[in-house]
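Residue numbers begin at 1 in each chain, while the letters A, B, ... track the order of the sequences.
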Amino acid sequence: MKNTWIGDVQSGQHDNKEVELKGWVKRSRGSNKIRFLVLRDSTGTIQCVAKRDALGDESFEEIKSALIESSIILKGMVNVDERSEGGHELVVTSVEIIGPVNPETPFPITESAMAAADGGETEFLLDNRHLYLRTSRMTTMLKIRSSVFGAIHSYFRDLDFLEYQAPNFVAGAVEGGSTLFEVPYFGKKAYLTQSWQLYAEAAMPALERLYTIAPSFRAEKSRTRRHLTEFWHAEMEVAWATNDEIMNHGEGVVRHISSTLLDERSDELESLGRDLDLISRFADSPYPRMRYDEAVETLQGLGVEIEWGQDLDYSKEKVLTQDFDVPHFLTHYPKIAKPFYHRVDPDDEKYVLCHDLLAPEGYGEIIGGGERTWSEEEILARIDEEGTPREPYQFYIDTRTYGGVPHGGFGLGVDRVCSWLSGADHIREVIPFPRDSRRVTP
RNA sequence: GCCGAUUUAGCUUAGCUGGUGGAGCGUGGGACUGUUAAUCCCAAGGUCAAGGGUUCGAACCCCUUAAUCGGCGCCA
């Protein structure tokens, strides 16, 4: 165990006291008589000063030999000193190298590699992801990610939602069949799940308010800054709810995530160059709602070529969201653009009761959801109309056969939210080991 | 799947109309008692992605292949 954290030292909790610091060498510089070693742990960094006179030749040579990313235990006195970054420094009295780094195989990630990564990750950094994780940029992203996950859990749990788990091996598709990963399953075929939704609908009559955060898999060869083949999907399902009520939750959770980040991660957001006033607007301002038809008219007004009935692809979302300063909902898409489980609008059968939440700054879709087709008669009609086989969905149809009720839910791309709120250049930057169509390693 | 681009030392890169590949970081050695990505000196480290072609001569021109990057479609 360790009992002294660098973050606490930097906040003044150990001034003028003797402490033992355990961490990794971030940087080392100095002369043959004095060394400045910057030590890093999960809570921060601190400059440690070692003088040959005070320390003795043996320990001084040892501290000199500690290459970058060696793990090390240092004892010493905490001094308040404005010459040191963070205002504190450790005057070293003893040195113990725990995990030395061999000079023949120095830590491969250098300043130049990091500088190049600022405008997007290089192949080298992706190949060395296991080591890149411990750099300040990735550490920052992972801390933000942790807070986003925590905020999603607390939003739903505070509202008495129950966390519920669905299988990851499934037999049928939620989205189009071409995007399923097929896996051999004892002589049969199975697929990796694309969504928790269908299995959540089965539990809806039991739990009524349920949610999850789980991985979903899509075999899309998308090469964009918003796509992964394995991504973390926050999904919820509520009985007796309308499209508007589901949207209230979508807005609620994104606002809660934003305010949680402001509480817990404002330093990290600022270090990424994020404007905190902007994040405050995501936390405080209402999210406007616009029907699909209005969006099409707006786009046509801007000279974008689009026909009614087309789904809105990213190029159109981007045009639409560029001037927004808060997320917007798009609702009531044409039936022909959406799969069978979306409920047809009883007021106008051309549309379905659905919504997408588009993040501003040109980011695009972060939530997709809506009311579900809930009567047995309608679900069978919609499945047949689409030409989807009934057989893999028999369990799903049964949920309507026995006491179907109006209900709905949404799926939120957690990695997308992390990427958007942190201002990352690419979704890969916010997940520790990104998976895309060309990479499953390390 | 389609379109565009890239590939030079461990990393980041320079390399002109084709004429014996330079640097910074990192590593090793040396100097320096307050450095902030320390600085200064020295050294090691390259079949220029792979294969083929044109040429007296190719990192550079042409062809093939591979890997990677960016964008599109699709979506969270």
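- Between A/H249 and A/F156, the ring planes lie tilted relative to each other; the angle falls in the 30° to 60° range.
- The pairing partner recorded for B/rU35 is none, the criterion being a Watson-Crick or G-U wobble arrangement whose two distances lie under 3.5 angstrom.
- Taking every side-chain heavy atom of A/P103 into account, B/rG28 is the closest of B/rG28, B/rC75, B/rU68.
- With B/rU27, B/rG34, B/rC75 as the candidates, the nucleotide lying closest to the side chain of A/L67 is B/rU27.
- Aromatic ring orientation, A/H153 versus A/Y211: perpendicular (interplanar angle above 60°, classes split at 30° and 60°).
- As rounded to whole Å, 17 Å separates atom P of B/rU35 from atom CG of A/N79.
- A/D53 comes within contact range of at least one nucleobase, with a heavy-atom separation under 4.0 Å.
- Rounded to a whole angstrom, the distance from the P atom of B/rG21 to that of B/rC25 is 23 Å.
- Comparing B/rU35, B/rG34, B/rC72 by their closest approach to the side chain of A/Y314 singles out B/rC72.
- B/rA67 and B/rG45 are spaced 32 Å apart, taking the P atom of each and rounding to whole Å.
- When each of A/H227 and A/F124 is assigned the nucleotide of RNA chain B with its nearest heavy atom, A/F124 is the one assigned upstream, toward the 5' end.
- Taking only distance into account, the side chain of A/S222 meets the base of B/rC74 through a donor-acceptor pair shorter than 3.5 Å.
- Among the protein residues, A/G368 comes within range of the sugar-phosphate backbone only, with heavy atoms under 4.0 Å from sugar or phosphate atoms but none that close to a base.
- Residue A/R428 has a polar side-chain atom (N or O) positioned under 4.0 Å from OP1 or OP2 of B/rC69.
- B/rA59 and B/rC16 have their P atoms separated by 12 Å, given to the nearest Å.
- The side chain of A/R226 lies closest to B/rC72 when the candidates are B/rU68, B/rA76, B/rC72.
- Atom C1' of B/rU20 sits at a distance of 11 Å from the matching atom of B/rG57, rounded to the whole Å.
- With a cut-off of 3.5 Å on both Watson-Crick or G-U wobble distances, the partner of B/rA58 is given as none.
- Between A/R223 and B/rG1, a side-chain N or O to OP1/OP2 separation shorter than 4.0 Å is absent.
- Here the nucleotide nearest the side chain of A/I34, chosen from B/rA37, B/rU33, B/rU27, is B/rU33.
- Heavy atoms of A/L412 sit nowhere under 4.0 angstrom from any nucleic acid atom.
- The interatomic distance linking A/L125 (CG) with B/rC25 (P) rounds to 19 Å, in whole Å.
- A distance cut-off of 5.5 Å between ring centres, combined with a plane angle under 30°, leaves A/F107 outside any stacking arrangement with the base of B/rG26.
- The side chain of A/T110 has B/rC25 as its nearest neighbour among B/rC75, B/rC25, B/rG34.
- With P as the reference atom, B/rU47 and B/rG22 are 15 Å apart, rounded to whole Å.
- Looking at the side chain of A/R438, the nearest of the listed nucleotides B/rC75, B/rG70, B/rC69 is B/rC69.
- The partner of B/rG18 cannot be assigned: no Watson-Crick or G-U wobble pair with both contacts below 3.5 Å exists in any strand.
- Here the C1' atom of nucleotide B/rG34 and the CD atom of A/E89 are 8 Å apart, to the nearest Å.
- In this entry B/rG24 has B/rC11 as its Watson-Crick or G-U wobble partner, both defining distances falling under 3.5 Å.
- Remark: the separation of the C1' atoms in B/rG18 and B/rU65 is 24 Å, to the nearest Å.
- The partner of B/rG73, taking Watson-Crick or G-U wobble pairs whose two distances both stay under 3.5 Å, does not exist in any strand shown.
- The base of B/rU27 has none of its N or O atoms less than 3.5 Å from a complementary donor or acceptor on the side chain of A/E104.
- More than 12 heavy atoms of other residues, nucleotides or ligands sit less than 6.0 Å from atom NZ of A/K64.
- Counting any heavy atom pair closer than 4.0 Å across all strands shown, A/I367 reaches sugar-phosphate atoms only and no base atom.
- Remark: P of B/rA76 and CG of A/L421 are 19 Å apart, rounded to the nearest angstrom.
- The residue among A/G411 and A/S31 whose nearest nucleotide of RNA chain B is located toward the 5' end is A/S31.
- For the P atom pair drawn from B/rC61 and B/rG15, the interatomic distance equals 13 Å after rounding to whole Å.
- Note: A/Y292 and A/Y333 have tilted aromatic rings, judged against thresholds of 30 and 60 degrees for the angle between ring planes.
- Distances were taken from every side-chain heavy atom of A/T224 (C-beta onward) to each of B/rG73, B/rC75, B/rU33; the shortest belongs to B/rG73.
- Pairing of B/rA50, defined by two Watson-Crick or G-U wobble distances under 3.5 Å, is identified with B/rU64.
- Salt bridge A/E268/A/R274: absent, no basic N to carboxylate O contact under 4.0 Å.
- Rounded to a whole Å, the CG atom of A/D127 is 13 Å from the C1' atom of B/rG10.
- The phosphate of B/rG73 has OP1 or OP2 within less than 4.0 Å of a side-chain N or O from A/S315.
- OP1 or OP2 of B/rG1 sits under 4.0 Å from a side-chain N or O of A/K221.
- Listed for the A/N248 side chain is no donor-acceptor partner under 3.5 Å among the backbone atoms of A/E251.
- Side-chain polar atoms of A/T4 and A/E20 form no donor-acceptor pair below 3.5 angstrom.
- Regarding A/E235, its CD atom lies at a distance of 9 Å from the C1' atom of B/rA76, rounded to whole Å.
- Of the side-chain N and O atoms in A/R52, none sit less than 4.0 angstrom from OP1 or OP2 of B/rG34.
- Looking at heavy-atom distances under 4.0 Å, A/L228 makes contact with a base.
- To the nearest angstrom, C1' of B/rC75 lies 11 Å from CG of A/D313.
- Between the P atom of B/rU68 and the CG atom of A/D436 lies a distance of 9 Å, rounded to the nearest Å.
- Relative ring orientation between A/Y164 and A/W196 is described as perpendicular, the plane-to-plane angle rising above 60° on a 0-90° scale split at 30° and 60°.
- At the heavy-atom level, A/F36 lies under 4.0 Å from base atoms of the strands shown.
- A donor-acceptor pair under 3.5 Å is absent between the side-chain atoms of A/S84 and the main chain of A/G87, judged by distance alone.
- Using a distance-only test at 3.5 Å, with no hydrogens or angles considered, no donor-acceptor pair links the side chain of A/R416 to the main chain of A/I366.
- Using N1 to N3 plus N6-O4 or O6-N4 for Watson-Crick, or N1-O2 and O6-N3 for G-U wobble, each under 3.5 Å, B/rG45 pairs with nothing.
- A gap of 11 Å separates the C1' atoms of B/rU6 and B/rA49, to the nearest Å.
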